[in-house]
Amino acid sequence: MEEIRFKTRLREEMVDLTVQVQEAVRKSGVEDGLVHLISPHTTGALTINEKVDPHLKDDILTWFHEMVPEGTKYGHTGGNAWAHIKASIVGADLTVAVTKGKLVLGKWQGIMFCEFDGPRSRMVICRFVRAA
Ligand code: ZN
């Protein structure tokens with residue numbers, strides 16, 4: 001098991017963790033298998049999407065902002081219900097295949113941590129499964 005620790009800088013942002021996850025895979029020594037990534041947070045989530053165009057990250061965050069607007073209609077006493085709702089929509093974990101020690105991702109794909117209530121200290125837990 002490995003932990004990737006990082007700090008988000010903005011209230012809402014998508015942080016590309018592909019390089020850090022690949023490094024965790026290298027350290028694990030897994031050549032063929034799976035890496036299971038877990039976000040142990042209630043207002044941060046994990047997804048795979050295009051890593052190249054920064055405008056796309058803004059488009060995704062803007063879409064979520066419009067779908068789940070901030071406001072006073074929520075009952076959650078923490079005052080950040082919208083961030084929890086967005087995190088539930090995106091999801092708290094991901095599984096990525098590993099072949100020949102490399103993450104199996106498309107050329108344009110990256111592993112993104114979605115911050116919905118930053119800035120905060122965050123972590124992603126990496127658990128490895130070796131192919132039999
Ligand atoms: Zn809350």
Side-chain angles (χ1 to χ4, degrees):
M1 201 164 95
E2 288 279 335
E3 293 174 0
I4 298 170
R5 292 178 181 271
F6 55 100
K7 285 184 167 48
T8 57
R9 297 170 299 112
L10 303 173
R11 181 92 187 278
E12 296 187 327
E13 67 177 309
M14 293 178 72
V15 180
D16 184 353
L17 295 178
T18 313
V19 169
Q20 291 91 326
V21 175
Q22 181 60 62
E23 175 61 14
V25 169
R26 189 194 63 74
K27 278 200 232 168
S28 76
V30 171
E31 285 293 314
D32 286 284
L34 302 169
V35 57
H36 185 206
L37 304 170
I38 300 159
S39 163
H41 305 291
T42 59
T43 57
L46 289 164
T47 191
I48 293 173
N49 215 308
E50 184 184 315
K51 64 185 176 185
V52 180
D53 178 11
H55 299 296
L56 180 67
K57 294 176 185 172
D58 291 342
D59 290 340
I60 291 170
L61 292 171
T62 299
W63 185 86
F64 273 115
H65 200 76
E66 289 170 1
M67 290 298 291
V68 190
E70 298 184 14
T72 56
K73 66 181 177 181
Y74 305 99
H76 176 47
T77 52
N80 60 353
W82 50 87
H84 292 282
I85 294 166
K86 292 171 194 171
S88 270
I89 292 169
V90 177
D93 72 324
L94 277 180
T95 303
V96 183
V98 175
T99 298
K100 296 179 180 168
K102 300 284 184 204
L103 294 165
V104 180
L105 292 170
K107 180 179 177 185
W108 306 105
Q109 288 182 315
I111 297 168
M112 303 287 168
F113 180 86
C114 304
E115 174 61 81
F116 292 124
D117 194 25
R120 290 175 188 263
S121 293
R122 299 296 200 179
M123 67 181 280
V124 168
I125 298 163
C126 307
R127 296 186 68 242
F128 304 95
V129 179
R130 286 171 207 277

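What's counted below: heavy atoms across the whole structure, side chains too, no hydrogens, waters or symmetry copies. All ligand and atom numbering here is 1-based and tracks the order in the structure.
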Inset, instruction - Using distance alone, with no hydrogens and no angle criterion, decide if Asp59 and His55 have a side-chain donor and acceptor under 3.5 Å apart. - result: no

Same cluster or not: [X] versus [Y], using hydrophobic residues (I, L, V, M, F, W, Y) connected whenever any side-chain heavy atoms lie under 4.5 Å apart?
X	Y	answer
Leu37	Met1	no
Val96	Phe113	yes
Ile4	Met123	no
Leu103	Phe6	yes

Inset, instruction - Name all pairs fulfilling the salt bridge (Lys or Arg N to Asp or Glu O under 4.0 Å) condition that reach into residues 27-38, sequence neighbours left out, sorted by first residue then second. - result: Glu2-Lys27

Inset, instruction - Anything protein N, O or S sitting under 2.8 Å from the Zn ion (ligand 1): count it and give me the total. - result: 3

